[in-house]
Amino acid sequence: MDKIARIDMGAAGGPKVTVGDLGEYAGLGGRAMTSLVVAAEVHPLAHALGAENKLVISPGMLSGTTGSMTGRLSVGCKSPLTGTIKESNAGGQAAQVLARLGYAAVILEGKPVGDDLYKIVINKDGIKVIVDNSLKMMDNYLLVAKLRQEFGDKVAYMTIGSAGERKLLAASIACTDPELRPTRHCGRGGVGAVMGAKRVKAIILDDAGMKMRPAKDLDKFRDANRLFVEGLRKHPVTGEGLPAYGTNVLTNVLNEAGGYPTNNFKSGQFAGSSKISGEAQAELEIKRGGSATHGCHRGCVIQCSGIYNDKDGKYLTKQPEYETVWSHGGHCGIDDLDTIAQLDRIDDNIGVDTIEMGVTIGIAMDAGLIEFGDKAGAIRLMEEVQKGTPLGRVLGSGAGITGKVFGVERVPVVKNQALPAYDPRAVQGIGVTYATTTQGADHTAGYAIATNILKVGGDVDPLKTEGQIELSRNLQIATAAIDSTGMCLFIAFAILDQPETFQALLDMLGSFYGITMTGDDVVALGKKVLSAERDFNTRAGFTKHDDRLPRFFYNEPIAPHNQTFLMKDEELDEVFNW
Amino acid sequence: MNITVKLFASFRNGRFEIKSGDYPPGTTVADVSDCLNLPQNELGIMLVNSCHVKLDRVLVEGDTLALFPLLGGG
């Protein structure tokens, strides 16, 4: 990873590729790379779909190595959904392949004039940008199948479906998994719309002839990786719970804890939760000949995903994960796993964020467009998005816009991005993260659920305000650093509880780059990333008044705890004071 | 007194999902989990009526106790 490629899609005479050295971005990867580039190079008042915006694609600092769990790919830009800086990361094979090809970042710049659609081929010989209008308006599954005829199966694909081409604000970028299914998405913030605005339909990553990235200290790296893997295998969350049940094991947990937002955040418990729980889902997947244990990229030892087959035992989609099952399930009053799996398939196919889309459908239900629990209606609405009808375009523009168009007051968004699957009234800590993260409402940005609800990495009472600011601050710092390494965030469950596993991660980073890496260095990296992101958002016009939850969380108590969001504004304003 | 016990994830293996039963007054969360042969070091999340509790919590008539192993997701 010693070079950065810049592809000017708007260059006179057609797209122009420039490959240069790392310069001031040396040593960065993942979110640190995307956020520092965007903060330094994108005008904060740029239109997110305009030529001034850049789409930065970066593997993590350890991606492309033999290190386990290093397959996260970061994509960054100014978000068309939130107007803030955005980093959206995904698993799949892309990060490993791009890193082995030597690119610390590929940056799509400018915007072509005209209607041509492009594919970008990156291999050991360089980068080619090729017009391919035969791909127009193809959705991800057919698109990847067509690309496989040309480029085969030993590559990784990054693609946008019709939603990205239409520049819908919920549009995602799909990355293929080891079996070349377009199921791992940079979902949040409309990054697919930015790729669509630059008229790039697909990026084909071919690392034939390339080798694993070697560590500076090979022996130490190998030993550290072994200890790291042992740590993940022995922790009950990463070694047992996630492999067996996937992330959807949380449905029952959050429902029991009264923090499961139901029927568009009207209740904290859902009567149909057990039917769509991780336990029920794993049993069904195994019964139908799918799998409840599957890794999204080679080198994953946690294997939190799975394969979901339909009633006839035929592949339908990857295992819908917790947020997806919630957004299309409890949030919409739908208690049927097959419907949720079909919606997940449609989301992946047209290329939209499952959280944003599910929340949006729930808003449409609250508006009376269809009833809560209307399974066929939910699928019909998604088909509108796929067809690009005016209604579909409204829905595909996310929860905030849909709420405005249909006059809904209860719209769960922060900075116009839909809230994920934890009610901040029953889990105060996650509310702090939703309100204050640079990304718009995002659970992964500072996953207070771990300490509030799961009692991993400490114990903070979810119903009280004490300790929540410090918790969210520390988690946001740690997450910004982890998102830069290429590591899957789920390693956090093990490194929060096991100091020796955290040390193994530090040793992996240190031995790879030939430096000494301490916990303080990780904190410094996280703060550097967050500071750059906050600075961009400030210059883009965001103030402390944007670091708030929608008013209904302060005014409407929710059952069963009958509590509102209790954090004071002044407390929220302290999150980034370090 | 009547207590409803709910078990989740791997705790269900060889046990049950939900069961109501009679327990003597003074029964604690630890007593119930011992009764079910749930190793205390595997207990992750313990909820009584949707609120987190510790092992020494004394149960009262009508309580619903939910027990989970250590779990994560997100």
Side-chain angles (χ1 to χ4, degrees), chain A residues 235-242 244-260 268-269 274 277-280 282-283 302 304 321-323 420-422 426 430 443-444 447 449-450 452-457 459-463 489-490 492-494 496-497 559-561, chain B residues 1-21 23 27-74:
Chain A
H235 193 278
V237 173
T238 46
E240 293 169 34
L242 282 171
Y245 300 105
T247 63
N248 191 26
V249 75
L250 291 183
T251 294
N252 278 330
V253 179
L254 268 298
N255 196 62
E256 286 301 317
Y260 188 78
Q269 288 182 317
S274 65
S277 66
E279 289 91 333
E283 189 182 330
I302 297 178
C304 75
E321 63 97 42
Y322 170 61
E323 267 70 28
Y422 316 87
I430 201 68
H443 59 301
T444 65
Y447 193 63
I449 303 304
N452 276 207
I453 298 292
L454 308 173
K455 307 309 175 189
V456 175
D459 182 353
V460 174
D461 188 332
L463 300 172
L489 190 55
F490 291 166
F493 293 113
L496 282 169
D497 273 346
H561 296 295
Chain B
M1 62 180 180
N2 190 56
I3 304 290
T4 300
V5 179
K6 293 178 170 181
L7 301 177
F8 297 93
S10 57
F11 284 0
R12 289 178 175 176
N13 299 338
R15 298 188 186 88
F16 56 85
E17 288 184 24
I18 180 168
K19 198 183 261 185
S20 290
Y23 290 85
T27 297
T28 64
V29 172
D31 295 334
V32 175
S33 95
D34 288 349
C35 233
L36 295 168
N37 291 319
L38 294 169
Q40 289 194 1
N41 64 356
E42 289 182 19
L43 281 168
I45 308 156
M46 298 170 279
L47 300 163
V48 171
N49 308 330
S50 299
C51 292
H52 287 82
V53 296
K54 308 278 188 208
L55 279 166
D56 60 0
R57 166 68 170 254
V58 178
L59 299 169
V60 299
E61 167 69 27
D63 274 352
T64 297
L65 169 65
L67 297 173
F68 298 80
L70 270 175
L71 295 171

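Protein chains get the first letters and strands the later ones, always in sequence-line order, with residue 1 at the start of each.
Of all heavy-atom pairs spanning B/A66 and A/E256, the tightest one is CB-OE1, 3.7 Å. Heavy-atom minimum distance, B/F68 versus A/N252: CZ-O, 3.7 Å. The heavy-atom pair separating A/H561 from B/C51 by the smallest distance is CE1-SG, 3.6 Å.
Residue A/L463 touches chain B through its side chain alone, counting heavy-atom pairs closer than 4.5 Å. If you measure heavy-atom distances from A/D461 to chain B, you find no contacts under 4.5 Å at all. Neither the backbone nor the side chain of A/P420 comes within contact range of chain B, judged by heavy atoms closer than 4.5 Å. Contacts of A/A257 with chain B are made by both backbone and side-chain atoms, with heavy-atom separations under 4.5 Å. For A/E240, no part lies under 4.5 angstrom from a heavy atom of chain B.
Crowding of A/K455 atom NZ: a count of heavy atoms from other residues, nucleotides or ligands under 6.0 Å exceeding 12.
How far OG of A/S274 is from NZ of B/K6: 8.5 Å, rounded to the nearest 0.5 Å. Taken to the nearest 0.5 Å, the CG atom of B/L71 stands 12.5 Å off from the CD1 atom of A/I453.
With contacts defined as side-chain heavy-atom distances shorter than 4.5 Å, the pair B/L70/A/L454 does not qualify. Within the 4.5 Å cutoff, side-chain heavy atoms of B/H52 are placed close to those of A/P462.
The greatest number of non-hydrogen atom pairs below 4.5 Å with chain A, out of B/G44, B/G72, B/S10, is found for B/G72. The choice from A/Y422, A/Y322, A/Y245 that makes the most heavy-atom pairs within less than 4.5 Å of chain B is A/Y245. Heavy-atom pairs under 4.5 Å with chain B were tallied for A/T238, A/N248, A/V249; the largest tally goes to A/V249.
Remark: the B/S50 side chain and the A/Q269 side chain contain an N/O donor-acceptor pair separated by less than 3.5 Å.
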